[in-house]
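Fair warning: this is a prediction, and the values are worked out from it, not measured in the lab. In listed order, ligands and their atoms are each counted from 1.
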Amino acid sequence: MESGTLLYEGKAKKVFATPDPNQVVQYFKDDATAFNAEKRGTIFNKGIVNNKISVRLFRLLEDAGITTHFIEQLSDREMRTQHLKIIQIEVVVRNRATGSLVKRLGFEEGMVLDPPLVEFFYKNDPLGDPLITEDHIRLLQLATDMQVAQLRQSALRINEILTPFFKDKGMMLVDFKLEFGDSNGQLILADEISPDTCRFWDIQTGERMDKDRFRKDLGRIEETYQEVLKRVCA
Ligand code: UDP
């Protein structure tokens, strides 16, 4: 495929138009970035892994009653999705403290967060995706108060579905980031769910099984992405 007009190119994906204006094609690249794109690289076949994992997880969530933008898998690196207006908020759910939460507030690495913590970040590269409150969201007019409540509720529900799914695969879902679109007032889960957007720790060994291997130069990056795919699709 990869035929229609390129509508958007991000750090890890390209989005192409299709003959149907209500649908687009998401193409997953091997490019990897971290620390607000200060660190760049490629992870061999990451695009294939992330497309396939996202397909599996969108199907799982749809079966559990979550509305997603996923329509169908088109190829190793492509899925057809609904063409949505993306809400400029990154919704992060955390079951354990790590990453920016530890840096920002000094929590002990790995501390259990019960109930899970929900955070909102402003999707704005020049500003470095800053943490924002509900008052900021209102001021910036990124979403209505009702949508913010729905974002939180939906993110927590998705956590309840994904956490036992990954536990069954021997993986702890530590934290993850979601993006949503708006279709005539209805919130729809968009973007991707992959080792680029989640943190997974192996339950047996504690090994990092996600983009932290790239962020922190932990080695065995490609092998780990393949291992996640194997477990998710088993
Ligand atoms: N995350 C993401 N995209 C971003 C920022 C974060 O997918 O632009 C994911 C990240 O992979 C992790 C979770 O959101 O699973 C929480 O990330 P954190 O705020 O700890 O940020 P980081 O440590 O990556 O700066």
- Message: Out of all atoms in ligand 1, which are within 4.0 Å of some heavy atom of Gly99? Include the element for each.
- Response: 20 (O), 23 (O)
- Item | Proximal candidate to atom 15 (O) of ligand 1 [heavy atom criterion; set Thr33, Asp175, Leu178, Val93] | Asp175
- Query: Which is it for Lys103 and ligand 1 at heavy atoms under 4.0 Å: side chain, backbone, both or neither?
  - Reply: neither
- Using a strict cut-off of 4.0 Å, indicate which atoms of ligand 1 neighbour a heavy atom of Phe176. 15 (O)
- Task: Number the atoms of ligand 1 from 1 as they appear, then name those within less than 4.0 Å of a heavy atom of Arg215, with their elements.
- Result: 10 (C), 11 (O), 24 (O)
- For Phe200, the ring-ring contact (aromatic ring centres under 6.0 Å, His included) test, sequence neighbours excluded, returns Phe166
- Does Gln23 offer a backbone N or O that forms a donor-acceptor pair with the side chain of Thr18 under 3.5 Å? yes
- Any donor-acceptor N/O pair, Arg96 side chain to Met111 backbone, under 3.5 Å: no
- So is Lys169 actually on top of Phe165's ring, under 6.0 Å and inside 45° of the axis? yes
- Task: Please write down residue, atom name and distance for the protein heavy atom closest to atom 9 (C) of ligand 1.
- Result: Lys177 CB, 3.6 Å
- Is it the side chain (CB and beyond), the backbone, both or neither of Asp196 that lies under 4.0 Å from ligand 1, heavy atoms counted? backbone
- In the protein, what heavy atom is nearest to atom 22 (P) of ligand 1, and what distance, to one decimal place, separates them? Arg199 NH2, 3.6 Å
- Under-4.0 Å heavy-atom contact with ligand 1, by part of Arg94 that carries it: side chain
- Item | Asp210 near ligand 1 by a heavy-atom separation under 4.0 Å | no
- Item | ILVMFWY clustering at 4.5 Å (side-chain atoms), partners of Val15 | Leu7, Tyr8, Val24
- Which one holds for Val92 and ligand 1: side chain close, backbone close, both close, or neither close, with close meaning a heavy atom under 4.0 Å? side chain
- Message: Please check whether Glu119 reaches ligand 1 - meaning an N/O of the residue sits under 3.5 Å from an N/O of the ligand, judged on distance alone.
- Response: no
- salt bridge (Lys or Arg N to Asp or Glu O under 4.0 Å) evaluation trace for Arg220 with Glu207: CA-CA 11 Å; Arg220 297 184 51 252; Glu207 244 204 333; 3.2 Å; yes
- Message: Less than 4.0 Å is my threshold; does some heavy atom of Glu90 fall inside it relative to ligand 1?
- Response: yes
- Message: Do Phe120 and Leu189 land in one hydrophobic cluster if side-chain heavy atoms of ILVMFWY residues count as linked below 4.5 Å?
- Response: yes
- Task: Would you indicate whether Gln141, at its atom CD, is surrounded by more than 12 heavy atoms from other residues, nucleotides or ligands within a distance under 6.0 Å?
- Result: no
- Message: Which option wins on minimum heavy-atom distance to atom 25 (O) of ligand 1: Pro195, Ser100, Cys198?
- Response: Ser100
- Message: Checking contacts now, so for atom 6 (C) of ligand 1, which I'm interested in, is there any protein heavy atom under 4.0 Å?
- Response: no
- Under 6.0 Å from the CD atom of Gln153, do we count more than 12 heavy atoms belonging to anything else shown? no
- Message: At less than 4.0 angstrom from any non-hydrogen atom of Asp129, what atoms of ligand 1 do you find?
- Response: 8 (O)
- Message: Show the nearest heavy-atom pair for residues Ala64 and Arg157, with the distance to one decimal.
- Response: O-NH2, 4.2 Å
